[in-house]
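The block underneath contains the structure these notes are about, expressed in structure tokens.
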Amino acid sequence: MRDGRSQRGAEGFGRRGGSGERRPPVSREPYNPQEIEEKWRDFWRERGFFKAKIHDTRKKFYYLNMFPYPSGKLHAGHGRNYILGDAIVRFLLMRGWNVLNPMGWDAFGLPAENAAIEQGVHPRDWTWRNIQEFKRQFRAWGVEYDWDREIATCEPDYYKWTQWLFLKLYEKGLAYRAKGKVNWCPHCEVVLANEQVISGRCWRCNSPVEKRELEQWYFKITAYAERLLRDLAKLDWPEHVKKMQENWIGRSEGAEIIFRAEGGQEITVFTTRPDTLWGATFLVLAPEHPLVPELTAPDRKSEIRAYQEATERLTEVERTSTEKEKTGAFLGTYALNPATGERIPIWIADYVLLGYGTGAIMGVPAHDERDFLFALKYGLPVIPVIAHPGEQGKAFVPAGLYRETFLPALKEAGVAVEIRGDGASLHFPAEKTDQVANILQKHLRPEGWGAVVGEGWRLVFPEEIVNIGSLAEERRALGKLLERASDLKGKRTVAEALWEISFLRDLLFHAEYGKMVNSGPLSGTPGSAAISRTVAWLEEKGLGKGTVTYKLRDWLISRQRYWGAPIPMIHCPRCGIVPVPEKDLPVKLPEVNRIGKLGLADIPEFIPTTCPRCGGPARRDTDTMDTFVDSSWYFLRYISPKDETRPFDPELVNKWLPVDLYVGGVEHAILHLLYSRFITKFLHDLGLLSFDEPFRRLFTQGMVTYPAYWCPAHHWIPPKEVAEGNRCPKCGAELVVSVVAMSKSKKNVVSPDELIAQYGADTERLYTLFMGPPEREIEWSEEGVRGCWRFLNRFWNLALDILERTAGVQAEPDPETFGPKEQAIWAKLHATIKKVTEEFEGRLALNTAVAAIMEFTNELSAYTEEENPDPKLLRRSLRDLILLLSPFTPFVCEELWHRLGEGKAVLETPWPEYDPKALEEAEVEIPVQINGKVRARLRLPRNKAADPKTLEAFVLAHPEVQVRLQGLKVEKVIAVPEKLVSIVAR
RNA sequence: GCCGAGGUGGCGGAAUAGGCAGACGCGCGGGACUCAAAAUCCCGUGCCCCAAAAGGGCGUGUGGGUUCGACUCCCACCCUCGGCACCA
């Protein structure tokens with residue numbers, strides 16, 4: 001009996017037999033996507049399915065796609081974002097959510113303005129043409145939004161409120177004007193945002209970026225640095241995006257320490273390693289540091305000025321290149337190390353940046369690689385003050401300078417020695433530093449010397465051991481050394497001399513935490529307490545204090561451009577800078593025919609105005625705002641897009657936000673997402689928002705890549721035009737192929753229009769969601785598209801087949817009447833519903849949801865080939881299959897749904913629910929492992945497999961298993977209910 | 001250099017609690033249909049050994065470890081991609 005069951009089961013139901021006994025193909029209406037899709041294209045919009053019930057906030061869901069910059073046309077790569085979103089929204093609607101799913105346009109920006117300058121079109125016309133094109137493409141894709149809420153950041157009724165936001169920030173002191181170095185592209189003759197500088201080069205023309213001193217407007221985002229960092233913890237965002245923001249904010253704890261120059265000036269440095277203070281042997285200021293002029297010795301003025309100018313001339317790439325050798329210049333004056341009281345020289349160097357910390361550092365060459373290289377180059381002394389934890393000590397004595405007794409003595413002390421041509425090299429544990437120095441001293445010849453590097457450095461001479469623990473000791477040791485070692489003549493420091501001994505090089509600097517040495521009262525402090533004790537000591541002595549600094553800089557928002565929101569400020573010769581009164585907003589962009597490169601400053605009629613305070617003549621600010629300001633609050637405007645009296649309805653905003661799911665590209669991981677968080681927190685602090693994070697969950701979809709072909713003579717060649725053998729169609733040259741993100745400029749885009757004409761929008765949508773995990777970058781595949789096309793044809797044919805067979809049949813099957821095959825289909829149907837539902841509600845790996853649907857379709861199709869398939873089961877399966885597939889391929893599903901005779905539209909129909917009971921198939925297959933290898937797969941009734949004891953007994957008694965166990969002694973059996981049995985036997 | 005993600009068939013990928021590795025799709029091989037091709041449909045398809053089958057061995061970047069059992073956990077390392085990068 002048991003045998004019979006497992007035999008029969010082993011045949012399975014899923015596959016057709018090889019004998020090809022298929023019913024002859026029936027000629028049916030072919031799948032014609034173009035016709036079907038056009039039929040339904042406006043249906044959903046007309047029925048208003050995508051309109052949010054904004055005043056009903058029960059079971060609300062705010063789904064948001066990052067709004068696009070409308071340039072040119074959408075390509076298949078863009079579809080990743082919008083098609084994913086549309087599928088999610090359709091799913092949510094069927095699940096009964098009240099979904100807010102708006103769309104708008106990030107419509108200000110440089111490309112529109114450049115198009116205007118180059119083609120003589122007005123940027124607004126250019127922008128709106130693109131918007132129309134985008135909307136046409138969305139419609140073709142079946143991607144729907146609540147279009148009543150459409151916004152465009154370039155329209156006065158939107159940017160009025162962007163200007164309002166500026167005024168609010170200004171009122172609170174968070175918008176300020178300051179002189180500063182800004183990025184300047186000499187080729188484009190324009191100021192660039194930090195984010196438009198890619199590795200020191202202009203994002204558009206690739207020219208090296210220069211720095212210019214200009215007075216600009218900034219938003220004080222740094223005031224929110226701590227909160228922006230801390231609140232990352234509460235966001236359901238991809239870890240790597242949070243990490244990127246964390247790095248960008250770049251919090252570091254340390255201390256500010258005050259050094260007094262001999263001229264009396266106080267120089268404050270920032271360091272993360274206050275515990276290395278005793279090793280600070282010089283100070284370095286940024287070349288632009290304001291104290292530089294008064295700290296420069298009169299005889300060095302010209303040299304210093306020359307260095308400053310040289311720095312000024314460097315591009316960002318050159319200055320920040322780590323390859324570049326360190327350079328600097330000595331100011332000719334000295335400061336006192338507050339811990340040791342020793343005189344240390346003050347330098348300037350371009351590796352110190354004015355914008356970070358205090359723009360000045362203490363040089364601790366023993367424990368900072370940059371300072372070490374700088375010290376080595378300029379002959380500045382190195383004093384080790386931190387013991388390297390767990391590191392070996394090393395010592396070196398040149399050949400011929402030690403007695404014969406030396407080696408036996410070392411052996412006795414257990415110190416490893418290696419004798420090479422140039423001398424004796426010793427290895428020993430660092431804590432034996434002094435012991436080794438003592439042995440060495442005893443066995444040196446009178447003219448001998450040796451160097452010991454461990455917990456600090458020792459130079460050993462017959463008459464004394466000098467610890468390099470202060471500048472004075474360093475000088476004395478160097479003097480003695482140079483007297484003896486003629487080959488080291490000209491070396492300026494002990495470090496420079498020791499650097500010549502390659503055996504010792506790797507120990508001359510390290511940046512680890514460790515025990516403090518040579519540090520006066522704090523010597524001996526263990527690494528774990530070093531920083532906190534030093535900070536306490538500094539504060540007690542009034543020499544400094546513990547502080548925190550951030551890499552995050554204030555947000556420069558001025559742009560000398562036309563196509564942006566004008567900054568609502570007025571410059572009055574009497575009253576200074578005066579904000580435009582709120583009632584006078586918006587400050588509208590002037591209507592002009594020609595736009596110049598200087599933006600608003602090029603339009604004389606825009607500038608004159610009257611001062612709102614004194615009524616006298618005044619000038620308007622001619623800067624416009626960075627477009628990231630426009631997009632930093634747009635998600636709030638969707639709630640009440642037409643409100644003329646306020647930026648958003650506070651009550652509704654607080655009910656609908658934060659956004660429940662925000663989907664967009666990773667390229668915005670830092671900028672847009674950080675700015676939006678900042679602005680949200682600011683509006684929260686104003687009391688206008690009850691939440692302080694805008695996006696509860698974030699999902700970042702990956703880019704779509706495609707081969708791009710480069711011809712040295714004819715540049716980018718569209719893949720379709722590439723001639724046989726990867727050759728240029730124009731000149732026959734061999735093309736360079738690279739698989740890169742689809743982009744218009746590389747001509748490697750796949751056009752949705754062509755795809756839709758050839759296969760239909762459903763095929764494109766299905767492939768887009770099936771090609772791989774949505775968060776990962778992936779290569780577009782024409783063959784993959786065809787696979788989806790074939791699937792939809794099979795699905796279509798299966799659906800028509802079932803419709804024909806089951807006309808008039810009710811869709812409610814009775815599980816009581818099921819045979820094993822029906823049972824299996826039933827279980828598979830419910831498993832599929834479960835799988836698809838969970839993907840939409842969880843991790844959004846919709847590729848696996850599509851795979852599950854395909855699997856079920858295949859099995860259902862095979863089941864129709866069986867004798868007398870249950871018509872009710874067929875009908876019910878088709879019904880649910882259509883619903884499950886509808887978020888992916890809404891057109892064909894809507895069509896089949898109506899053919900099924902369902903009165904309502906798909907989006908009015910509840911999403912199928914799965915029945916957990918149905919998932920429990922009557923029989924399960926249990927793999928049996930013997931010594932770790934699967935040796936049998938047995939089918940048995942589920943209830944038997946559910947109990948470990950019964951399961952174990954069944955498996956051990958089974959003939960297939962018995963055969964395998966012959967001659968073996970069963971030592972252990974692990975029976976996992978309904979999963980597997982593992983037998984250990986010898 | 002630092003941080004992050006990842007490495008699975010010929011390819012995209014699946015295995016979402018340590019329990020049948022390779023689901024689904026592509027490609028490829030064979031077949032059907034066709035005068036032929038394309039399209040479509042059917043069967044097969046991780047690698048190796050054996051003429052085939054039966055059977056066996058190997059197999060998730062590498063090397064170790066934990067476990068009855070490891071793509072999954074631990075340790076060490078290699079490679080690829082992304083971000084940051086003279087940030088004191």
Side-chain angles (χ1 to χ4, degrees), chain A residues 15-22 25 30 199 238-244 246-248 250 252 254 269-273 276 284 319-324 326 349-353 355-364 367-371 373-374 511 549-553 666-667 669-670 702-703 766-767 770-773 775-788 790-791 793-794 797 835 838-839 842-843 845 847-858 925-934 936-937 971-974 976 978-985:
Chain A
R15 297 268 170 220
R16 269 153 244 199
S19 43
E21 8 83 75
R22 262 182 78 84
S199 333
E239 273 321 301
H240 72 278
V241 175
K242 291 206 239 181
K243 260 277 143 30
M244 280 166 77
E246 198 183 307
N247 294 341
W248 188 265
S252 45
V269 305
F270 173 73
T271 177
T272 53
R273 292 298 302 274
T276 64
V284 190
R319 176 154 177 188
T320 59
S321 164
T322 29
E323 313 294 298
K324 179 173 149 290
K326 305 261 169 294
D350 61 7
Y351 77 90
V352 175
L353 308 174
Y356 185 76
T358 58
I361 62 157
M362 58 183 198
V364 184
H367 305 293
D368 181 283
E369 186 175 13
R370 295 155 301 182
D371 296 345
L373 294 173
F374 193 76
T549 49
Y550 301 88
K551 282 203 269 181
L552 183 71
R553 308 291 162 82
V666 230
E667 63 274 20
I670 294 169
M703 303 248 230
L766 188 65
Y767 175 65
F770 179 60
M771 59 180 162
E775 71 279 8
R776 210 176 299 175
E777 177 178 303
I778 206 153
E779 187 178 343
W780 184 268
S781 150
E782 188 67 27
E783 296 304 331
V785 175
R786 293 246 314 284
C788 288
R790 277 199 287 269
F791 169 76
N793 274 279
R794 272 184 284 135
N797 289 328
K835 169 74 183 169
E838 285 175 354
E839 284 305 339
R843 59 175 193 170
N847 54 319
T848 65
V850 174
I853 292 172
M854 286 174 168
E855 264 182 75
F856 180 65
T857 308
N858 291 343
E925 190 179 84
I926 298 292
V928 180
Q929 292 183 349
I930 296 172
N931 294 334
K933 298 207 187 288
V934 177
R937 297 163 204 275
E971 290 186 345
K972 194 173 180 184
V973 180
I974 295 104
V976 186
E978 296 180 37
K979 278 272 158 67
L980 130 165
V981 174
S982 179
I983 300 168
V984 188

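Hydrogens, waters and symmetry mates are skipped; everything else that's a heavy atom, side chains included, is used. Within every chain, numbering begins at 1; the chains are lettered A, B, ... in the order of the sequence lines, protein sequences first and strands thereafter.
Using N1 to N3 plus N6-O4 or O6-N4 for Watson-Crick, or N1-O2 and O6-N3 for G-U wobble, each under 3.5 Å, B/C77 pairs with B/G61. Pairing partner, B/C11: B/G25, with both Watson-Crick or wobble hydrogen-bond distances short of 3.5 Å. Across all strands shown, B/G69 forms no Watson-Crick or G-U wobble pair with both distances under 3.5 Å. Pairing for B/G1 is with B/C84, a Watson-Crick or G-U wobble pair whose two hydrogen-bonding atom distances lie under 3.5 Å. B/C33 makes up no base pair with any nucleotide shown, lacking Watson-Crick or G-U wobble contacts both under 3.5 Å.
In the set B/G19, B/A88, B/C24, the nucleotide with an atom closest to the side chain of A/Ile361 is B/A88. The listed nucleotides are B/G69, B/A14, B/C84; the one nearest the side chain of A/Lys551 is B/C84. Comparing B/U40, B/A88, B/G19 by their nearest atom to the side chain of A/Tyr356 picks out B/A88. Side-chain atoms of A/Arg786 lie closest to B/A39 of the nucleotides B/G25, B/G19, B/A39. Among B/A15, B/G25, B/A88, the nucleotide with an atom closest to any side-chain atom of A/Leu353 is B/A88. Side-chain atoms of A/Lys243 lie closest to B/G4 of the nucleotides B/A39, B/G4, B/G25. In this structure, the nucleotide among B/C84, B/A15, B/G25 sitting nearest to the side chain of A/Asn858 is B/G25. Distance from the side chain of A/Arg843 is smallest for B/U16 among the nucleotides B/U16, B/C84, B/A88. Among the nucleotides B/G19, B/G4, B/A14, the one closest to the side chain of A/Gln929 is B/G19. Proximity note for A/Glu839 (side chain, C-beta onward) versus B/C86, B/U16, B/G27: the nearest is B/U16.
The residue among A/Ile974 and A/Asn247 whose nearest nucleotide of RNA chain B lies closer to the 5′ end is A/Asn247. Between A/Ala852 and A/Ala845, the residue anchored closer to the 5' end of RNA chain B is A/Ala845, taking for each the nucleotide with the nearest heavy atom.
Within 4.0 Å of A/Gly357, counting heavy atoms only, lies no atom of the nucleic acid at all. When heavy atoms are screened at a 4.0 angstrom cut-off, A/Pro773 is found touching the sugar-phosphate backbone but no base atom. Residue contacts for A/Glu779: at a heavy-atom cut-off of 4.0 Å it reaches no nucleic acid atom on any strand shown. Within 4.0 Å of A/Val984, counting heavy atoms only, lie sugar-phosphate atoms of the nucleic acid but no base atom. Contacts of A/Asp371 with the nucleic acid, taken as non-hydrogen atoms under 4.0 Å apart, are absent. Note on A/Ser252: only backbone sugar-phosphate atoms sit closer than 4.0 angstrom, heavy atoms only; bases stay farther off. Residue contacts for A/Val352: at a heavy-atom cut-off of 4.0 Å it reaches a base atom on one of the strands shown. Using a 4.0 Å heavy-atom distance criterion, A/Glu855 is classed as a sugar-phosphate-only contact. In this structure, A/Thr271 reaches the sugar-phosphate backbone alone: every heavy-atom distance under 4.0 Å involves primed, P, OP1 or OP2 atoms, never a base. Residue A/Ile778 is in sugar-phosphate contact alone, with no base atom involved, counting any heavy-atom pair closer than 4.0 Å across all strands shown.
For the P atom pair drawn from B/G61 and B/C3, the interatomic distance equals 23 Å after rounding to whole Å. Rounded to whole Å, the separation between the P atoms of B/A15 and B/C24 comes to 14 Å. Using C1' as the reference atom, B/C68 and B/G55 are 25 Å apart when rounded to the nearest Å. The separation of B/A21 from B/U60, taken at their P atoms, amounts to 12 Å, rounded to a whole angstrom. Using P as the reference atom, B/A38 and B/C33 are 15 Å apart when rounded to the nearest Å. Taking atom C1' in both B/A88 and B/U66, one finds a spacing of 43 Å when rounded to whole Å. Straight-line distance between the P atoms of B/C50 and B/G30: roughly 23 Å, to the nearest whole Å. Comparing the P positions of B/G7 and B/C73 gives a spacing of 11 Å, expressed to the nearest Å.
Across the protein-nucleic acid pair, A/Arg776 atom CZ and B/A5 atom C1' stand 9 Å apart, rounded to whole Å. Rounded to an integer number of Å, the gap from CE of A/Met854 to C1' of B/A14 is 13 Å. Protein atom CG of A/Asn847 is 12 Å distant from nucleotide atom C1' of B/A15, rounded to whole Å. Going from atom CD of A/Glu775 over to atom C1' of B/A14 covers 13 Å, rounded to whole Å. Atom pair A/Leu766:CG and B/C26:P shows a separation of 11 Å (rounding to whole Å applied). Spacing between atom CG of A/Asn931 and atom C1' of B/C68 amounts to 9 Å, rounded to whole angstrom units. B/C86 atom P lies 23 Å from atom NE2 of A/His367, rounded to whole Å. Protein atom CE of A/Met244 is 6 Å distant from nucleotide atom P of B/C84, rounded to whole Å.
Judged purely by atom type and a 3.5 angstrom limit, A/Asp368 has no side-chain atom pairing as donor or acceptor with the backbone of A/Val364. Using modelled atom types, no side-chain atom of A/Glu777 and backbone atom of A/Met703 make a donor-acceptor pair closer than 3.5 Å. The backbone N or O of A/Gly250 sits nowhere less than 3.5 Å from a side-chain atom of A/Asn247 that would complete a donor-acceptor pair. Under a 3.5 Å cut-off, the side chain of A/Tyr767 and the backbone N or O of A/Ser781 do form a donor-acceptor pair. Side chain of A/Thr358 to main chain of A/Phe270: a donor-acceptor pair is present (N/O by atom type, distance under 3.5 Å, no hydrogens or angles).
Looking at A/Lys242 and A/Glu246, no side-chain N of the basic residue comes within less than 4.0 Å of a carboxylate O on the acidic one, giving no salt bridge.
Here the CD-CG distance, from A/Glu971 to A/Asn931, works out to 8.5 Å after rounding to the nearest 0.5 Å.
Both cation-pi conditions hold for A/Lys326 and A/Tyr351: the charged atom is under 6.0 angstrom from the six-membered ring centre and inside a 45 degree cone around its axis.
The shortest distance between the side-chain N/O atoms of A/Arg790 and the OP1/OP2 oxygens of B/G27 is below 4.0 Å.
Under the 4.5 Å side-chain criterion, counting only non-hydrogen atoms from C-beta, A/Tyr356 is in contact with A/Lys551.
For B/G69, the O4'-C1' to base torsion is more than 90° from 0; the nucleotide is therefore anti.
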